[in-house]
Every structure is written in structure tokens, then in C-alpha cells.
Amino acid sequence: MKPENLYDAVGNAPDRLVERADNRLNGKKAGGARARVLTVLAAAVLCTAALVTAVLLIAGRRDTPVPPPVDSDTAGTRPDDTAEPGANDSEAPTQAETQDLYADVSVKGHTLKKTADGAYCIKPTIEPKKHVGAIVVADVICRDRDDLRSKLLNGGFTDADYQAMYMWPKTEDGILLPDPNNLKDVSLPDDWKALELLLMGRAYYYLVENEPNTMFAFVRIIPDEQYQTEYDSIKSMACVAVTKPGGTEEEGTFNGIPCTVYEYISQNNAKKFRGHWINLSTDKEELYASLTYSPESPSSSVMLDLVGKTEDGTAYTISFHSKAYPEILETYTADFFRSFRPVP
Amino acid sequence: MNDRDILALYQARDERAITETADKYGAYCAAVARNVLHDPQDEEECVNDTWLTAWNRIPPDLPDVLRVYLGRLTRNISTLRRREKHREKRGGGEVPAALDELAECVDSGEDIEADYRQKELTEAVGRFLSRLPARDCDLFLGRYWFLYPTTELAARTGLEENYVRTVLSRTRHKLRVYLEKEKLL
């Protein structure tokens, strides 16, 4: 046998393996361990930005004066907290309830359609796998903060932008990942461990749509092998954004943090649905989650809780909680968040 | 345009399929060709050949993952181009020509056996790769499918280069053991 034979044999490796390698190698550019951490941070900070921005956007629309950003001393406490829905399996949404969430949602004339496996997509033709492409390529639309801000303030995205979402990451003319070098001023807070786990490997956040009361964001999660077994067991995932609600939704606590959770998301109501994370899809290699978020109060504590359900229905909870948010707000990105506040 | 729509154009024999494919995957296929050829002119020609080949093969081919399909075409076409060029360098074009002419005199049974063994080898390599840990497999394909230098592999994965080299070395060793076990060496 000649080396050429082996070369040719490798060249005919199974598609799925080549695709995975392609995703890993061409879907990310990093410069080492630091860049890896920064990439995770980029995702985390951007994700946080969307959520807190949503808080501030709502704040800007309230008739009453806008309260200051979350106070770290008071964040996470409410006198009427009564339950612990995030940690309690029995409180997790049933499959039927979760499915109810997957009603089509119309956003600025674009319909988010559900796919067969419950994944959301922006157009009905898109496939679950391709949806991941949509997530990733959304970064083309928001190459940097200024662009993101501009798009937010000027009404979101065009049809052409949505078309662009279908493109898988390019390797030459479009680096689709947040540039870690633009986030030199951030470091990983200690209490982000859960988030770190959640986002371990590669996680990208992309904002794809904004409405006055709603942020649509997507997180792509590719766990490291270290966590692969845990992720493998998760067959579906519900992501819940927890806020201090201003409406009639039930409230509870999770780790002492006020939340409004499953009762809320179990309602088959598009408007209700908007306020919460939902699950997209999982497979053995990757987990995907999307969120929609419309917090009711800027002074609310923000907790994000991912609940995975195994095939036998056992709930599996991963959470990263709100303690980090005030720190981020104050330390890292306060100006960034505030800059999104609409002009009255 | 999404892949499904592009494939529909191929199915309908609509030539926009080529332009849409080139728009969407031109940069990607050029990168694949570049790693094989390191010659801008050859790259461009190979990428164009990729579009033509795709046009000729779809249908009946119906790729599950268009990106991978096109990447594979580009790699194969670029590899052939590279081998041709190397042959020309060695023998001024006459040696391979002579070999081709003499091939008519040789029993074609060898080709059939070689094809069979190549097929076996391909299947064995596929099985081997499938059993590797995901990261090791990705690195292996990154080096030997995408032909990235180890420095670039390290940069793209966030791993240390020495670590990448070690993983590749161990994987090559494992592959050798596997192929020996499969009686392919």
C-alpha cells in the first residue's frame, strides 16, 4: 500500500465525520486556551447582554421612572417566593406541555416555524440541522457590537439577512465567531462555573431578532468530551428564563432567586411563550438551545435554567444563575447595555 | 438560498444551481483546494471543475450534506491535479504518458484487485475514524482531509500545537495497528 492509498481512503471518510470536523475546525477560530475562554466569554457576555438589554428596553417603555440596574445586594430575593420549580422534576414541563410551546411565532413578519423535532426555524423549509447553521451564521449579521446596536435600534433585520443565515460559516471571507480580541476586558467570574460548564466547548450566542418586548437569541452549545456523557443523556431541553414578573404568572424561587417558570411556559400562547426559553434540539454531538426573553421588570433578578429531559422523562437540570449578572452589569458591560436603551 | 433549494435547482437542471453553489460554497471549496495545491490558478480551475462535476453528478447523486459533498469533490479534483503536476515534473509528461500506454498491455485484473483493496481500505478507515474520540477524529481529518498544518489545527481548536502533534501521532499509530489487524497492511 502507498501513502496515496491511505490519503484517498481518508478522503472518503464518512460524511458525518467530515462534517463534524468541518464544524469544529472551520466554525471556530481560536488562538489557544485564552482565546478559548474568551470565546466562551464572548458568548456568555453577549447572551447576558441580550437579556439585560431586554430588561432595559422594557424599562425604557415603562410609564414609571426607570429603576436603576439590578442591585447585587437585593438581586435574587423576593418576599413572596414560594416554590422551587427549577430544581424540581415534578415541576418540569411534560413533553406535551413543551410541545405546546412550539406554536409558530410571528416576529416582524417572519414566522418562526417549528420543525419535526421541535426545533425552531426562521423559515419553514429549514431543517433542524440547518437551523444550527442559521444560528451560527447569524453572526454575519451582527459582526460586532456597533452593528448589533445599530440593528437593534433600527428595527432588526431584513429578508436578506435572513437569507444569509442559511449559510454555514465561511472560512475565508466571513469569520463567524465573536472576536475574542474585542473582549479583552472581561474575565470569568467565579460564580459562572455552571455557565462555563454549560458553554464548555463552543458556545455561540447570536441575536437574530429584536422586538420592543422580546429578544430572540440563540445559543449553540457543543459540550466538551468531558461532559459528553451527561449531554448524551439529554433528549430534550427546556430553557427557562426567570424574571420578576409584572404580570399574573406564578412565581417561585430557585436557589433563592425569584422566578416564573414552567406554569408560564406550559401555556400554548405565543405572547406568553415569548417570555421564556424554549428548547430546540439535541443530538449526540451537540446541544442547541434558543431563548426568547421579555422580562417584565428591569430590577428583576435574571436566572437562566436549562432543564434537559432524558428519554425516560427524568429531568436533568443545568442552571446558571443571576448572581453573575449584576457584576457583569457593573463591571463589564454597563455602557454597552445602556447604549441599547431606546431614545424616549 | 438553502441547500435544499440549491439541490432542487440541480434536479430541475437549472443552471442557477451552479451560481448559487459558487456563491455559497466558493470560498469554502477554494480553501479546500488551496490546502492541496498552493497555486491560485490551479485552485480556481479545480473549484470550477468542482461546480462542473457537481452539475454532472447531481442527479443522480443527492448529497445529504452539500457542503461536505462539494468539499470532497474539490479535494479529490485538487488531489488529481496535484498528482498530475508532480508526474509532469518528474518525467516531463512522457513517463506517465508511457505508463498509460503500456497499461494497455497489462492484465486489468490488477486494477480490479487494487480497486477492491482500495475500497476495503476506505471502509476500514471509515470504521476506524468512527470509533475514535470525536476530538481525535476531528484532528485527524483536519490534518489529512482538510490538510491543515498542525499550527493551524492548534489555532483552530484552541489546543497547544504539541498536543495536536501528539494526538495525531497516537492516532496514526492506532491506525497502523488497526490496519494490520484488518490484514490490510
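Just so we're on the same page: letters track the sequence lines, and every chain starts at 1.
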Tell me if the CD atom of B:Gln11 is crowded by more than 12 foreign heavy atoms within 6.0 Å.
yes
Sidechain-backbone polar pair: B:Arg72 side chain, A:Ala13 backbone, donor-acceptor under 3.5 Å
yes
Within a 6.0 Å radius of atom CD on B:Glu44, are there more than 12 heavy atoms belonging to other residues, nucleotides or ligands?
no
Just jot down the side chain to side chain donor-acceptor pair (under 3.5 Å) partners of B:Ser130, sequence neighbours excluded, or say none.
A:Arg16
Decide side-chain contact (heavy atoms from CB on, under 4.5 Å) for B:Thr122 and A:Asp8; before the verdict, give the C-alpha distance in whole Å, the side-chain angles of both, and the deciding distance to 0.1 Å.
CA-CA 8 Å; B:Thr122 298; A:Asp8 290 342; 6.0 Å; no
Within a 6.0 Å radius of atom CD on B:Glu180, are there more than 12 heavy atoms belonging to other residues, nucleotides or ligands?
yes
Heavy atoms from other residues, nucleotides or ligands near CZ of B:Arg127 exceed 12 (cutoff 6.0 Å)
yes
B:Ser78: what forms a side chain to side chain donor-acceptor pair (under 3.5 Å) with it, not counting sequence neighbours?
none
In terms of heavy-atom proximity below 4.5 Å to chain A, should B:Val36 be classed as side chain, backbone, both, or neither?
side chain
How far apart are the closest heavy atoms of B:Leu179 and A:Leu6, and which atoms are they?
CD1-CD1, 4.0 Å
Rounded to the nearest 0.5 Å, what's the gap from CZ on A:Arg20 to CG on B:Leu129? Could you check?
9.0 Å
Examine whether an atom of B:Phe128 lies under 4.5 Å from a heavy atom of chain A, and if so say whether it belongs to the side chain, the backbone or both; otherwise answer neither.
neither
Residue B:Leu147 versus chain A: region with a heavy atom under 4.5 Å
side chain
Would you mind checking which part of B:Tyr144 comes under 4.5 Å of any heavy atom in chain A, side chain (CB onward), backbone (N, CA, C, O), both or neither?
both
Residue from A:Leu17, A:Leu25, A:Asn12, A:Val18 passing side chain to side chain contact (heavy atoms under 4.5 Å, CB included) with B:Trp145
A:Val18
